[in-house]
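Here the structure is laid out as structure tokens; the discussion comes afterwards.
Fair warning: this is a prediction, and the values are worked out from it, not measured in the lab.
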Amino acid sequence: MSARFARVATALGLFALIAAACGGTTAPQPAATQTAAATAKLSGTVKIDGSSTVFPISEAMAEEFGKLHRDVKITVGISGTGGGFKKFCNGETDISDASRPIKDAEKAECVKNNITYTELQVAIDGLSVVVNPQATWVDCLTTAELKKVWDTGSTVKNWKDIRAGFPDVDLKLFGAGSDSGTFDYFTEAINGKEKQTRSDYTASEDDNTLVQGVAGNRGAMGYFGFAYYVENKSKLKVLKIDDGKGGGCVEPNDTTIAAYTYKPLARPIFIYPKNESLKRPQVLEFVKFYLDKANNKLINQVGYIVAPDKVYADGLAKVAAAR
């Protein structure tokens with residue numbers, strides 16, 4: 001601060017004190033102070049449900065927001081993207097976490113129930129294919145090999161059936177349940193059609209269940225969001241993926257996911273706040289907190305990739321327009 005600015009600020013401060021002592025009118029608070037005062041009094045609830053992939057981000061945001069606004073109670077559930085939209089379009093939640101865009105049938109259900117919403121991208125995920133660390137024979141699989149394993153009608157039950165030279169080890173599969181957006185995305189990206197998959201595998205909308213399954217079996221293979229691999233690196237081995245289009249084997253990491261060169265499994269992930277809920281101060285401020293650039297570090301901390309700044313700026317503009 002310059003000496004001149006300091007003298008002016010001091011003079012203004014003394015003037016305000018004199019005016020107050022003489023019964024004068026107090027100068028209006030700056031806008032930032034007014035906003036802080038308003039948000040400091042936040043209370044009430046925010047109900048979130050949906051994708052297990054987005055769950056770690058929403059949970060981290062809820063925890064940090066709660067430190068600033070202790071009278072706001074935020075609940076974060078894991079029903080899967082599809083299960084979350086069922087609740088959301090039925091009016092049961094304020095925000096739906098989603099690892100894919102909302103489907104036409106879900107949009108129609110929301111319309112039927114007069115639920116309007118705003119789609120907001122919050123991060124980028126690299127859906128990860130993982131194996132047990134004891135699977136030393138494999139570091140990379142092609143998308144054709146993944147399709148051979150996971151497609152409808154697959155009879156692959158042993159690693160030797162995937163590629164010549166792989167050992168005679170029983171293959172145990174773990175993947176997303178049918179209510180999961182990860183299931184929808186993986187089946188379309190790998191098998192060519194959404195929900196087209198073999199059914200004889202251990203399925204769950206809870207990615208922690210899948211982590212435990214892969215970690216507990218030498219011949220296991222599974223898939224789920226990148227954050228769950230990052231959180232469990234000591235228990236899992238992530239595979240590189242070759243999409244067969246000349247790029248070779250690409251490992252999911254911060255760089256390849258952010259650049260979408262980890263093909264075809266890099267994807268945007270979303271939250272969907274209900275527009276009516278945005279009229280409640282605690283929901284509005286939480287969504288703004290979620291999109292604030294200063295909080296992007298939380299996205300990295302839980303294992304996801306921050307989207308470009310414009311994504312969050314556009315999101316804040318959409319929220320302002322939706323109210």
Side-chain angles (χ1 to χ4, degrees), residues 51-54 56-57 99-101 121-151 154 156 159 161-166 171 173-176 180-194 196-197 207 210-211 214-215 219-270 296 299-308 311:
S51 168
S52 61
T53 300
V54 185
I57 306 176
S99 58
R100 57 156 173 79
Q121 183 185 343
V122 293
I124 307 170
D125 176 35
L127 200 159
S128 301
V129 179
V130 298
V131 294
N132 188 283
Q134 294 181 59
T136 55
W137 57 86
V138 60
D139 292 305
C140 175
L141 288 175
T142 66
T143 50
E145 287 169 333
L146 287 173
K147 180 177 171 66
K148 182 179 180 181
V149 170
W150 286 98
D151 205 0
S154 173
V156 174
W159 277 93
D161 299 327
I162 301 175
R163 184 190 300 173
F166 279 176
L171 178 66
L173 297 174
F174 298 83
S180 169
T182 296
F183 171 79
D184 294 336
Y185 190 90
F186 182 84
T187 51
E188 182 171 9
I190 298 301
N191 298 333
K193 185 177 180 181
E194 190 176 289
Q196 179 175 296
T197 184
D207 291 341
L210 306 179
V211 168
V214 176
M221 178 196 301
Y223 66 88
F224 39 72
F226 184 62
Y228 287 89
Y229 161 66
V230 171
E231 187 179 349
N232 296 279
K233 280 185 176 181
S234 62
K235 304 175 187 176
L236 303 169
K237 175 181 176 179
V238 72
L239 297 184
K240 301 179 181 72
I241 303 298
D242 181 351
D243 71 352
K245 297 179 179 179
C249 295
V250 179
E251 181 181 352
N253 57 43
D254 289 5
T255 301
T256 61
I257 295 171
Y260 290 95
T261 55
Y262 175 62
K263 299 175 182 178
L265 298 177
R267 57 177 178 166
I269 53 179
F270 309 90
N296 285 172
I299 294 170
N300 290 135
Q301 286 171 4
V302 296
Y304 292 99
I305 311 305
V306 174
V311 168

So which heavy atom on [X] is nearest to which on [Y], and how close?
X	Y	result
Thr182	Phe224	CG2-CA, 4.4 Å
Tyr228	Ser52	OH-O, 2.8 Å
Pro252	Val238	CG-CG2, 3.6 Å
Phe174	Trp150	O-CH2, 3.7 Å
Thr197	Asn191	CA-ND2, 3.9 Å
Ile57	Val302	CG1-CG2, 3.8 Å

Answer whether the closest heavy-atom distance between the side chains of [X] and [Y] falls below 4.5 Å.
X	Y	value
Leu146	Ile241	yes
Val214	Tyr229	no
Met221	Val130	no
Val149	Leu171	yes

Check for me whether Arg100 meets the cation-pi criterion with Tyr185, that is, NZ or CZ under 6.0 Å from the six-membered ring centre and within 45 degrees of the ring axis. no

Surrounding NZ of Lys237 (heavy atoms of other residues, nucleotides or ligands, distance under 6.0 Å), is the total greater than 12? yes

To the nearest 0.5 Å, how far apart are [atom1] in [X] and [atom2] in [Y]?
X	Y	atom1	atom2	value
Leu127	Ser99	CG	OG	8.0 Å
Glu194	Thr187	CD	OG1	6.0 Å
Lys147	Leu141	NZ	CG	15.5 Å
Leu265	Phe226	CG	CZ	12.5 Å
Glu251	Thr255	CD	OG1	10.5 Å
Leu239	Asp139	CG	CG	7.5 Å

Decide yes or no on side-chain contact (heavy atoms from CB on, under 4.5 Å) for Asp242 and Lys263, but give the supporting numbers first. CA-CA 8 Å; Asp242 181 351; Lys263 299 175 182 178; over 6 Å; no

Answer with yes or no whether the side chains of Ser154 and Asp151 bring together a donor and an acceptor at under 3.5 Å. no

Give a yes-or-no answer on whether the side chains of Asp125 and Thr53 include a donor-acceptor pair shorter than 3.5 Å. no

Could you walk me through whether Lys240 and Tyr262 pass the side-chain contact (heavy atoms from CB on, under 4.5 Å) test, one step at a time? CA-CA 9 Å; Lys240 301 179 181 72; Tyr262 175 62; over 6 Å; no

State plainly whether the residues Arg163 and Glu145 are in salt-bridge range, i.e. N to O under 4.0 Å. yes

Checking side-chain contact (heavy atoms from CB on, under 4.5 Å) for the pair Val311/Val122: CA distance, chi angles, key distance, verdict? CA-CA 8 Å; Val311 168; Val122 293; over 6 Å; no

Is the side chain of Asn300 donor-acceptor paired with the backbone N or O of Tyr304 at a distance under 3.5 Å, no angle test?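 Here the side-chain-to-backbone pair exists.
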
Do side-chain atoms of Asn296 reach the backbone of Val306 as a donor and acceptor pair under 3.5 angstrom? no

Check the pair Lys148, Val156 against side-chain contact (heavy atoms from CB on, under 4.5 Å), reporting the backbone distance first and the verdict last. CA-CA 7 Å; Lys148 182 179 180 181; Val156 174; 4.0 Å; yes

Set out, in order, the CA-CA distance, both residues' side-chain angles and the distance that settles side-chain hydrogen bond (donor to acceptor under 3.5 Å, both in side chains) for Thr143 and Asp243, then state yes or no. CA-CA 5 Å; Thr143 50; Asp243 71 352; over 6 Å; no

Once the angle between the rings of Tyr223 and Phe186 is folded into 0 to 90°, is it parallel (under 30°), tilted (30 to 60°) or perpendicular (over 60°)?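 Ring orientation, 0 to 90° scale: parallel.
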
